[in-house]
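Here is the structure we will look at, set down as structure tokens.
The first residue in the sequence is number 1, and the count goes up from there. Hydrogens, waters and symmetry mates are skipped; everything else that's a heavy atom, side chains included, is used.
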Amino acid sequence: KGSMGVQFIVFAAATRDRVNDADKQYGAQEELYKHFQELLTQVVNRQPVDMALGKEAIFHAVIRKWRHYRVVQRWMFKTFAYLTRFYVAHCNKKPLEYVASSIFFTQVFKSVSATMSSVLLNFVAHERQGDDVDKEAMRQAVELFVAMSTNEGATAHTSEFIEPCLKETAAFYKRES
């Protein structure tokens, strides 16, 4: 019931200027678009990842942050759905999904991608040796790399994870043969 009120406010703000003069046609929608970005930036920056932690602790902290961010992101997409369907489409703005991923990429992932890759590759190596590893954390880390590759981070996904993983895999099978 509470989110319905927020959705109504977004709908009302997104549609109120549609018949006014052309210069101000999308004024409220532009404010909502900026507000969406500001809200997600606040969510991401609320509890920064402590870079003084060890690599594995940073890895798990980023995974937790990503899980939390995805929940907030889904709620925000539903709340701002009308903005996505009309304002983004009519004004050639970047989709809210892209904006949300970009915020996480620039605020969190860019600074920890090398650490994430290192720990993930370490998990893969341990799993190949038969050790017990947290497969759910591995899965979520791979999902994070894939999600970040849809934006500016396309090279991060390739250079930070795929290429080293392929090299490690080749070396592993060379040793095994």
Spatial distance of atom OG1 (Thr79) from atom CZ (Arg74) [nearest 0.5 Å]: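 Thr79 atom OG1 to Arg74 atom CZ measures 13.5 Å (nearest 0.5 Å).
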
Student check: side-chain heavy atoms of Leu144 and Phe104 closer than 4.5 Å: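 When only atoms from C-beta onward are counted, Phe104 and Leu144 do touch, with a gap below 4.5 Å.
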
Sub-4.5 Å side-chain heavy-atom contact between Val43 and Met76: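 No, their side chains stay 4.5 Å or more apart.
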
When you measure from the side chain of [X] to the backbone of [Y], do you find a donor-acceptor pair of N or O atoms at a distance under 3.5 Å?
{"X": "Asp131", "Y": "Glu127", "answer": "no"}
{"X": "Lys174", "Y": "Thr169", "answer": "no"}
{"X": "Tyr69", "Y": "Ala100", "answer": "yes"}
{"X": "Thr41", "Y": "Gln37", "answer": "yes"}
{"X": "Ser111", "Y": "Val108", "answer": "yes"}

Indicate the ring-plane relationship of Phe145 and Phe109, choosing parallel, tilted or perpendicular according to the 30° and 60° boundaries.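 It falls in the perpendicular class, over 60°.
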
Parallel, tilted or perpendicular: which describes the rings of His35 and Phe80, with under 30° parallel and over 60° perpendicular?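 Aromatic pair His35/Phe80 classed tilted.
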
If you compare all heavy atoms of Val99 against all heavy atoms of Tyr33, which two are closest, and at what distance to 0.1 Å?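 Smallest interatomic distance, heavy atoms only, reads CG2-OH, 3.3 Å.
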
Could you report the tightest heavy-atom contact between Gln107 and Val44, atom names first, then the distance?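 Closest approach of Gln107 to Val44, heavy atoms only: CB-CG1, 3.2 Å.
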
Looking only at the side chains, is there a donor atom on one of Glu136 and Gln140 sitting less than 3.5 Å from an acceptor on the other?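 There is such a pair between these side chains.
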
Salt bridge (charged side-chain N to carboxylate O under 4.0 Å, His left out) evaluation trace for Arg70 with Glu143: CA-CA 11 Å; Arg70 281 186 23 220; Glu143 283 180 3; 3.5 Å; yes

